[in-house]
Amino acid sequence: MSTDTFWNDVDRHLVRYGAGFTPRVIESAGGSYVHDSDGAAVLDFTSGQMSAVLGHSHPDIVRAVTHAVATLDHLFSGMLSRPVVDLAKKLAATLPESLSKTLLLTTGAESNEAALKMAKLYTGKYEVVSFDRSWHGMTSGAAAATFSAGRRGYGPALPGNLTLPTPNAYRSPFRRPDGSYDWETELEYGFALVDQQSSGALAACLIEPVLSSGGIIDLPPGYLARLKELCAERGMLLILDEAQTGLGRTGHMYAFERDGVAPDILTLSKTLGAGLPVAAVVTSAAIEQVCQERGFLFFTTHVSDPLAATVALTVLDVIERDGLVARSAELGAQLTDRLVGLRDTYEVVGDVRGRGLLQGLELVKDKKSRTPADALGQAVTAACLERGLHLNIVQLPGMGGIFRIAPPLTTSDEELHAGVDILEASLKAVLAGR
């Protein structure tokens, strides 16, 4: 099939579901690269959809999937297999003692749906609090807790969804007299608004430890601990969505470990499957027991699928065997140094933030005004692709100049620096062509 025919078929037969498609036909992928129909190798600094922590076509994953498909891939949802139980046991061993019960699913939105239903059933309440730049999925409950996009044109969302201000240190108006960011006052203010709006039925707070689609916003140290206290005061459960931050991505096995604060419910997806559809909800025995007694129902087609469990077990094994959590921290330090160097060199690089191998770089028109530079972000993205680097900018109004940089944990030092070199060359070329 010619490239022209391919794109004609795209126009005729595919539903468009978001931002425009990348103008390359991808034929294969391996390691840190994807390869297009012209034979060009493109460094993948998004790990697929921010998921492929082991890179593409990792040999251990290939072997595991091949064996599982040939022997035990899918069962009736009421049947159990050894991989599912082995995975639950292995996950529990990586987590605080309080998080011991696992529900195995397939997508991030699905895991957040299950977690929200669990929290509502356990508390007997229905209100959910999330950040005003949140993204938790596209199904009904997850979408109702998503405030960064997709709220217009579809009718009313589920009732009871309230927001907290996103703790964006770069742009927040909450400042101390010396100009430093006052997240404590901002958080207290946010909960005062929540309390004012609540009908008295606060069930859960659902957040990411590092907002990704919201612009790579890292919670300030101390924020998560105070947030959990405020939730506990109101009888709310704290749900952490670690779809993108879990399994070594931030330089810790789980992002919440930096703060020493365990959630009541943890959701995992993207990174747990290393690019394949795997997700999980992990909670305490006490919460699971109450939910079971009250008739918790989440009986789906692919719940407890052995193929998903086999993939996730392999991902955990490889991360442990190859020391990829420490590797992420090491590479992340190198990435931070390079990005800070860009910030210190270029007037249009306003901010650098994030942790480990999940970092953001925000382009602005100038450092003084901090005006978002969406058009510049799009131009630099296109220039990077021409030079062999795929980067993702946040595809939301006013955030089109924020790059999400998340290469695989298996990326080499040379690949990491080659990618940043391409980013800088592209930025220079775009600025020179203005």
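Along the sequence shown, residues are numbered consecutively beginning with 1. The shown structure was predicted, so the numbers you read here are calculated from the model rather than taken from an experiment.
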Legend entry - salt bridge (charged side-chain N to carboxylate O under 4.0 Å, His left out) evaluation trace for R355 with D218: CA-CA 8 Å; R355 290 188 246 163; D218 191 4; 3.0 Å; yes

Inset, instruction - Could you list the residues that satisfy ring pair (Phe, Tyr, Trp, His ring centres under 6.0 Å) with H74, not counting sequence neighbours? - result: H302

Inset, instruction - Find out whether T310 and L72 are in side-chain contact, i.e. whether some heavy atom of one side chain is under 4.5 Å from a heavy atom of the other. - result: no

Legend entry - Short N-O contact, R16 and D11, less than 4.0 angstrom: no

Inset, instruction - Determine, stepwise, if the pair D317 / K90 fulfils salt bridge (charged side-chain N to carboxylate O under 4.0 Å, His left out). - result: CA-CA 9 Å; D317 287 343; K90 192 169 185 68; 3.3 Å; yes

Inset, instruction - Please list all pairs passing the ring pair (Phe, Tyr, Trp, His ring centres under 6.0 Å) test where one or both residues lie in residues 11-46, with sequence neighbours left out. - result: Y17-F21

Legend entry - Crowding at CZ, R151 (>12 non-hydrogen neighbours, <6.0 Å): yes

Inset, instruction - May I have all residue pairs that pass ring pair (Phe, Tyr, Trp, His ring centres under 6.0 Å) and include part of residues 248-267, sequence neighbours excluded? - result: Y254-F256

Inset, instruction - Please name all residues satisfying side chain to side chain donor-acceptor pair (under 3.5 Å) with S81, sequence neighbours left out, ordered by chain then number. - result: none

Legend entry - Set of ring pair (Phe, Tyr, Trp, His ring centres under 6.0 Å) partners for H56, sequence neighbours left out: none

Legend entry - Passing candidate, side-chain contact (heavy atoms from CB on, under 4.5 Å) with S328, options L409, T250, V53, L335: L409

Inset, instruction - Sequence neighbours left out, what passes side chain to side chain donor-acceptor pair (under 3.5 Å) with T267? Give chain and number order. - result: N112

Inset, instruction - Answer yes or no: does atom CD of E233 have more than 12 heavy-atom neighbours from other residues, nucleotides or ligands under 6.0 Å? - result: yes

Inset, instruction - Taking atom types as modelled, find out whether E288 and T283 have a side-chain donor-acceptor pair closer than 3.5 angstrom. - result: no

Legend entry - Pairs involving residues 120-129, ordered by first then second residue, that meet side-chain hydrogen bond (donor to acceptor under 3.5 Å, both in side chains) (sequence neighbours left out): Y126-S199, E127-S198, E127-S199

Legend entry - Carboxylate-amine/guanidinium proximity below 4.0 Å for R338 and D421: yes

Inset, instruction - Check the side chains of E415 and T411 for a donor-acceptor pair under 3.5 angstrom, ignoring hydrogens and angles. - result: no

Legend entry - Salt bridge present between R353 and E362 (N-O < 4.0 angstrom): yes

Inset, instruction - Would you indicate whether H67, at its atom NE2, is surrounded by more than 12 heavy atoms from other residues, nucleotides or ligands within a distance under 6.0 Å? - result: no

Got a list of side-chain donor-acceptor pairs under 3.5 Å for residues 219-230, not counting sequence neighbours?
{"from": "R226", "atom 1": "NE", "to": "E188", "atom 2": "OE2", "distance (Å)": "2.9"}
{"from": "R226", "atom 1": "NH1", "to": "E229", "atom 2": "OE1", "distance (Å)": "2.9"}
{"from": "R226", "atom 1": "NH2", "to": "E188", "atom 2": "OE2", "distance (Å)": "2.9"}
{"from": "K228", "atom 1": "NZ", "to": "A262", "atom 2": "O", "distance (Å)": "2.4"}

Inset, instruction - Could you pull out all residues at least two apart from S284 that satisfy side-chain contact (heavy atoms from CB on, under 4.5 Å)? - result: A286, I287

Legend entry - side chain to side chain donor-acceptor pair (under 3.5 Å) against R321, all qualifying residues, sequence neighbours excluded: D60

Per-pair distances, 0.1 Å, donor-acceptor, side chain in residues 134-143, under 3.5 Å, sequence neighbours excluded:
{"from": "S134", "atom 1": "OG", "to": "F131", "atom 2": "O", "distance (Å)": "2.8"}
{"from": "S134", "atom 1": "OG", "to": "A145", "atom 2": "O", "distance (Å)": "2.7"}
{"from": "S134", "atom 1": "OG", "to": "F147", "atom 2": "N", "distance (Å)": "3.1"}
{"from": "H136", "atom 1": "ND1", "to": "D241", "atom 2": "OD2", "distance (Å)": "2.9"}
{"from": "H136", "atom 1": "NE2", "to": "L206", "atom 2": "O", "distance (Å)": "3.3"}
{"from": "T139", "atom 1": "OG1", "to": "E113", "atom 2": "OE2", "distance (Å)": "2.7"}

Legend entry - Over all atoms of both residues, closest heavy-atom pair of P165 and G190: CD-CA, 3.6 Å

Inset, instruction - Answer yes or no: does atom CD of E320 have more than 12 heavy-atom neighbours from other residues, nucleotides or ligands under 6.0 Å? - result: no

Inset, instruction - Kindly indicate whether the side chain of M50, heavy atoms from C-beta on, has any atom under 4.5 Å from the side chain of R404. - result: yes

Inset, instruction - Under the side-chain contact (heavy atoms from CB on, under 4.5 Å) rule, collect the residues that match up with V325, sequence neighbours excluded. - result: M253, I319

